[in-house]
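The block underneath contains the structure these notes are about, expressed in structure tokens.
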Amino acid sequence: QLIDALYDIPWQKLCSLNLHTVVTIMRTLSIKVKIEFATHYNFQGKKNDLVLDMAKTLHADEFIFGAPGRDYADVQSFNDAGISVRFQNYQPVSYPQLWGEFVPDMCILDLIFNCPPEGRLETIRAGEV
């Protein structure tokens with residue numbers, strides 16, 4: 001039923017399918033956060049300055065960069081703006097999979113189909129930043 005909800009619609013644009021997929025998965029995992037669209041804002045700058053402008057405009061008090069952000073982030077500019085910085089250091093968290101030993105780096109559907117609802121968020125949280 002989850003997959004049907006994603007693919008039963010004749011999508012005209014990939015971005016519409018992507019958004020619907022993200023919202024459907026968030027709903028399935030009971031994740032409740034507001035989704036913002038960059039097109040609704042007039043962010044300014046390039047590279048670090050653009051990301052910093054996004055964080056400031058959206059009143060962030062913390063920004064989590066992907067691991068490669070260590071190579072380009074100007075941490076001091078975020079700190080000067082009162083925004084703390086963290087860098088992702090994701091480590092896969094083992095969960096029961098139907099067919100043998102744990103295989104890391106599968107898509108979120110693998111977790112959804114292999115774990116009961118009450119165990120999903122604990123698994124996700126254990127692998128956070």
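Scope of the values below: all heavy atoms of this structure, side chains included, with no hydrogens, waters or symmetry mates.
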Interatomic distance, NE2@His20 vs CH2@Trp11, rounded to 0.5 Å, equals 4.5 Å

Are Met106 and Trp99 connected in a single hydrophobic cluster, I mean Ile/Leu/Val/Met/Phe/Trp/Tyr linked by side-chain heavy atoms less than 4.5 Å apart?
no

Can you tell if the side chain of Phe78 reaches within under 4.5 Å of the side chain of Val51, non-hydrogen atoms only?
yes

Taking atom CG of Leu17 and atom OG1 of Thr21, what is their separation to the nearest 0.5 Å?
4.0 Å

Quick one: CD1 on Ile83 to NE2 on His59, what's the gap to the nearest 0.5 Å?
10.5 Å

As an exercise, state the distance from CD1 of Ile9 to OG of Ser16, rounded to the nearest 0.5 Å.
9.5 Å

Would you check if Val75 and Phe87 make a side-chain contact, meaning some heavy-atom pair closer than 4.5 Å?
yes

Measure up the Tyr72 and Phe65 rings against each other and bin them: parallel (under 30°), tilted (30 to 60°), perpendicular (over 60°).
perpendicular

Hey, are Gln97 and Asp110 close enough side-chain-wise for a donor-acceptor pair under 3.5 Å?
yes

Should Asn42 and Gln44 be marked as a side-chain contact (heavy atoms from CB on, under 4.5 Å) after you check the CA-CA gap, both sets of side-chain angles, and the distance that decides it?
CA-CA 6 Å; Asn42 187 27; Gln44 301 293 311; 3.1 Å; yes

Keeping the roles fixed (side chain from Ser77, backbone from Asp74), state whether a donor-acceptor pair exists under 3.5 Å.
yes

Would you say the side-chain atoms of Ser84 and Asn79 include a donor-acceptor pair closer than 3.5 Å?
no

Can you find a pair of side-chain heavy atoms, one from Leu29 and one from Ile108, that are under 4.5 Å apart?
yes

The test is side-chain contact (heavy atoms from CB on, under 4.5 Å); show your working for Lys47 and Leu50 and say whether it passes.
CA-CA 5 Å; Lys47 299 183 180 182; Leu50 176 62; over 6 Å; no

Value rounded to 0.5 Å, distance of CD1 in Ile35 from CG in Leu19:
5.5 Å

Could you please spell out the steps behind the side-chain contact (heavy atoms from CB on, under 4.5 Å) verdict for Tyr41 and Leu58?
CA-CA 10 Å; Tyr41 297 89; Leu58 296 172; 3.4 Å; yes

Any Pro96 side-chain heavy atom under 4.5 Å of Asn114 side chain
no

To the nearest 0.5 Å, tell me how far Thr24 OG1 sits from Asp4 CG.
11.5 Å

So with a 6.0 Å cut-off around CD of Gln12, is the heavy-atom count from everything else above 12?
no

